Amino acid sequence: MGGALWSGWERSDIAPSVILDRHCASPAPPHRVARTPEEIPAGFRPEFVVLAVKPGGAEQAVAAVAPWLEGATLLSVMAGRRCGGLRAAARAAGHDAPVIRAMPNMPSSIGRGVTGVYAEPEIGLVRTMQAEALMRAVGQVAWVEREEQLDLVTALSGSGPAYVYLLAELLEQIGVTHGLPPDTARLLARGTVAGAGAVLDASATDAATLRRNVTSPNGTTAAALNVLMQPDAWPDSLARAIAAATARAAELAR
Ligand SMILES: NC(=O)C1=CN([C@@H]2O[C@H](COP(=O)(O)OP(=O)(O)OC[C@H]3O[C@@H](n4cnc5c(N)ncnc54)[C@H](OP(=O)(O)O)[C@@H]3O)[C@@H](O)[C@H]2O)C=CC1
Ligand SMILES: O=C(O)[C@@H]1CCC=N1
């Protein structure tokens, strides 16, 4: 996810910046990569320090970048980890850095992400607008008023691309199981998910109306939706999946 954000920021001419990454290729100047914290220029004074490590690695990462936290705002994209805990980690490393949390998703890698953002109440307007600009560089932005709401955002849109890819995966598998050549099943499944997403994106019409537009009375779609829309089918399994992901985000906070 850090790489996805980075490429969006590089495209948007947000500079100068330093990325701390053991794997990243060299970006175009004036950006630069540091393989270790020691390689970060000592005089570098970033306005934002962005944390994009696994939630369990937060404390170690904050400690590693402590010398660059003075006067900086921490921008975390980590699932679950609360502002309070991150601020405590920064304090333990010697700096009282305010925290903004963002929850982007994978389409950010092509500038088509959606990101939920929460800022601690004392964050000023300038930093709020700067954080919004950072996330707008990779897609659309929605602010939430309460930090706990980011757990639901994580479950809905942060993890959401995986649910859509699962749909493509299952359609392909079912096509093959029922006799289509694998290449044909793959083309039809991927094209359907991508095409339906593109229509959703291109149209102001709500999703339920688009669904009804595909559904001829007593036709094939109605036959399928009669199965999928049973209360104990997709409405229930998706609600339980989102609840499980939301609960997991809350667990990660601990
Ligand atoms: N994947 C997604 O779709 C989304 C992820 N997120 C959040 O983004 C965060 C990262 O997830 P993801 O990109 O999937 O994870 P990855 O493991 O792919 O990326 C984390 C990267 O951070 C590096 N890293 C870890 N610790 C340090 C450190 N102390 N200093 C420098 N680099 C370090 C890792 O290197 P190494 O492998 O060598 O340890 C790795 O390259 C998570 O907190 C997740 O919740 C948020 C929204 C969507
Ligand atoms: O699975 C995860 O925990 C991360 C957060 C959202 C997407 N990936």
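Counting convention: from 1, in listed order, for ligands and their atoms alike. Because the structure is predicted, anything quoted here is derived from the model rather than measured.
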Asks: Of all residues at least two apart in sequence or in a different chain, which pass the side-chain contact (heavy atoms from CB on, under 4.5 Å) check with R22?
Replies: none
Asks: Apply the test salt bridge (Lys or Arg N to Asp or Glu O under 4.0 Å) to residues R87 and E147: give CA-CA distance (whole Å), side-chain angles for both, the deciding distance (0.1 Å), then the verdict.
Replies: CA-CA 14 Å; R87 198 154 188 171; E147 186 172 11; over 6 Å; no
Asks: For S203 and L200, indicate whether the former's side chain and the latter's backbone hold a donor-acceptor pair under 3.5 Å.
Replies: no
Asks: Can you tell me how far the CZ atom of R81 sits from the CZ atom of R101, to the nearest 0.5 Å?
Replies: 9.5 Å
Asks: Nearest protein heavy atom to atom 4 (C) of ligand 2, by residue and atom, and its distance?
Replies: A79 CB, 4.8 Å
Asks: Are there any protein N or O atoms under 3.5 Å from the N or O atoms of ligand 1? List them with distances, or say none.
Replies:
residue  : atom   : partner : partner atom : Å
ligand 1 : 13 (O) : M1      : N            : 2.7
ligand 1 : 14 (O) : K54     : NZ           : 3.4
ligand 1 : 15 (O) : K54     : NZ           : 3.1
ligand 1 : 35 (O) : H23     : NE2          : 3.4
ligand 1 : 38 (O) : R22     : NE           : 2.8
ligand 1 : 38 (O) : H23     : NE2          : 2.8
ligand 1 : 39 (O) : R22     : NH2          : 3.1
ligand 1 : 43 (O) : V53     : O            : 2.6
ligand 1 : 45 (O) : A79     : N            : 3.0

Asks: Using residues 127-139 as the side-chain source, report each donor-acceptor pair under 3.5 Å to any protein atom, sequence neighbours left out, with the distance given to one decimal.
Replies:
residue : atom : partner : partner atom : Å
R127    : NE   : Q130    : OE1          : 3.1
R127    : NH1  : E47     : O            : 2.8
R127    : NH1  : T73     : OG1          : 2.7
T128    : OG1  : G124    : O            : 2.7
Q130    : NE2  : E47     : OE2          : 3.3
E132    : OE1  : W143    : NE1          : 2.6
E132    : OE2  : R136    : NE           : 3.0
E132    : OE2  : R136    : NH2          : 2.7

Asks: Below 6.0 angstrom between ring centroids: does that apply to H31 and W9?
Replies: no
Asks: Within a distance of under 4.0 Å, is there any protein heavy atom near atom 6 (C) of ligand 2?
Replies: yes
Asks: Nearest protein heavy atom to atom 2 (C) of ligand 2, by residue and atom, and its distance?
Replies: S159 OG, 4.8 Å
Asks: List in chain and number order the residues that pass side chain to side chain donor-acceptor pair (under 3.5 Å) with T192, two or more places apart in sequence or in another chain; answer none if no residue qualifies.
Replies: none
